[in-house]
Asker: 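Next up is a structure, given as structure tokens.
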2 protein chains.
Amino acid sequence: MSLRHALLGLLSQGPASGYDLLKTFDVSLANVWPATQSQVYAELGRLASAGMVEVSAQGPRGRKEYAVTEAGRAELRHWLTQTDPGPLSRRSEMLLRVFFLGEVSPEQAHDYLRRQAELGEERIRRLAPLREMVSTMDDSLSIYGSLALEWGMRFSALQRDWALWAEKEIERLPEHRRCEQPNTETERT
Amino acid sequence: MSLRHALLGLLSQGPASGYDLLKTFDVSLANVWPATQSQVYAELGRLASAGMVEVSAQGPRGRKEYAVTEAGRAELRHWLTQTDPGPLSRRSEMLLRVFFLGEVSPEQAHDYLRRQAELGEERIRRLAPLREMVSTMDDSLSIYGSLALEWGMRFSALQRDWALWAEKEIERLPEHRRCEQPNTETERT
DNA sequence: CCAAACATGTAACATGTTACATGATTGC
DNA sequence: GCAATCATGTAACATGTTACATGTTTGG
């Protein structure tokens, strides 16, 4: 139930509407905890019912600005200090595929890993410019957000380096068994 | 819908029952694509309806052994070569918390990062012995599985190193603003 | 004989995604 | 006036988790 805490966290930086929060999700939290519009509005409603946020102002177009309550702040702090995040949210489609790379030709396996290396590299290039951007801001979110950004950079480098290593690794595989069907990815439904 | 492909992948190593597959999930795939019993049996049913697997033998206790069909193999290969995994499954509770570390005291933030470093270290120690184990086996799953294992080792090291770096980073934060409430994590509902 | 392991399945619930539906205000 | 943006909400569906429910075989 961490969307709840994401919302409490954002609101603890100051009051905002669902619409505002949504934009923050798209910008700051997109790579860490994405959320859809439906989710945000629904959860805001639940948080209000639970007394963790309250409507602090109303604007045009039915705009409702929410502010976190003391109960909400307490919940946020509790979540933050009650350390141990439910174990890293594992489940990697990328790695799952690796397990079954023996089902395709060595060339295809090679291509797959090469592609993963490229994706890592691309991600690095995509994140790099953000570094400069956040360094010019100084709200609490950006400061700590830049730690998350650094994580993303390191993670992307890991992906790239690991994929390049793995590529070489399968090359020197004690003769490639399993060459029954050299290539059978042609037409499909 | 990758559970489907995980099952096809496992069955392509040889026929197995839901019960067998479940054990494989607990052992090999646990860190990459966990699945529950309910999920496995349900998906096997769907795969059978779709003609991607078929019951190849029946055993005692109602045991049904499934084998992948040619259609299933085609689907698996398609999935493997149709590269680009739906972007890395992001969503990290660990990083989400980092964003809001400004809400707790510097000491608590420090403790949090230190704990993350420890968890990384622990994970390294937990994975290390597996390395030896897989090197003695030689089925396709283990060979490629060891690539995934290496990824896990590198990932854990990343977590540890990053957390240690981040810990130092917040230490030298241009004076800690936000010291309204030094510590308010006491009793709770 | 009885416990452990084998073996399968269903139901209730939580979470997340996509698409639909609606309307008000602002700026040009 | 009209398009873009602001703004909120609901419904249908997919996926995943937990708990319940049941029965068989093997080995000691």
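By convention in this document, chain letters (A, B, ...) are assigned in the order of the sequence lines, proteins followed by strands, and residues within each chain are numbered from 1.
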Asker: Write down the distance between CZ (Arg90(B)) and P (dT15(C)), rounded to a whole number of angstrom.
Answerer: 19 Å

Asker: Any chance you could list the contact pattern along nucleotides 2-14 of chain C? Use B for base contacts, S for sugar-phosphate-only contacts and - for none, protein heavy atoms under 4.0 Å, 5' to 3'.
Answerer: ----BBBBBB---

Asker: Under a 4.0 Å threshold between the charged nitrogen and the carboxylate oxygen, would Glu118(A) count as salt-bridged to Arg160(A)?
Answerer: no

Asker: In whole angstroms, how far is the C1' atom of dC6(D) from the CG atom of Asp26(A)?
Answerer: 14 Å

Asker: Could you tell me how far apart His5(B) (NE2) and dT15(D) (C1') are, to the nearest whole angstrom?
Answerer: 15 Å

Asker: Hey, what's the ring geometry for Phe100(B) with Trp79(A), parallel, tilted or perpendicular (30° and 60° as the breaks)?
Answerer: tilted

Asker: Would you please confirm or rule out a distance under 4.0 Å between OP1 or OP2 of dT17(C) and any side-chain N or O of Arg91(B)?
Answerer: yes

Asker: Does dT17(C) have OP1 or OP2 sitting under 4.0 Å from an N or O in the side chain of Gln39(A)?
Answerer: yes

Asker: Examine Arg154(A) relative to Trp165(B) and say whether NZ or CZ is less than 6.0 Å from the centre of the six-membered ring and inside a 45° cone about the ring axis.
Answerer: yes

Asker: Tell me, do Leu95(A) and Leu29(B) make a side-chain contact under 4.5 Å, heavy atoms counted?
Answerer: no

Asker: When you measure from the side chain of Ser17(A) to the backbone N and O of Lys64(A), does any donor-acceptor pair fall under 3.5 Å?
Answerer: no

Asker: Taking atom P of dT17(C) as reference, at what distance in whole Å does atom CH2 of Trp33(A) sit?
Answerer: 10 Å

Asker: Does the pair His5(A) and Glu75(A) meet the rule for a side-chain hydrogen bond (donor to acceptor under 3.5 Å, both in side chains), with working shown?
Answerer: CA-CA 8 Å; His5(A) 301 111; Glu75(A) 170 62 26; 2.8 Å; yes

Asker: Looking at Arg46(A), I'd like to know whether one of its side-chain N or O atoms comes within less than 4.0 Å of OP1 or OP2 on dT15(C).
Answerer: no

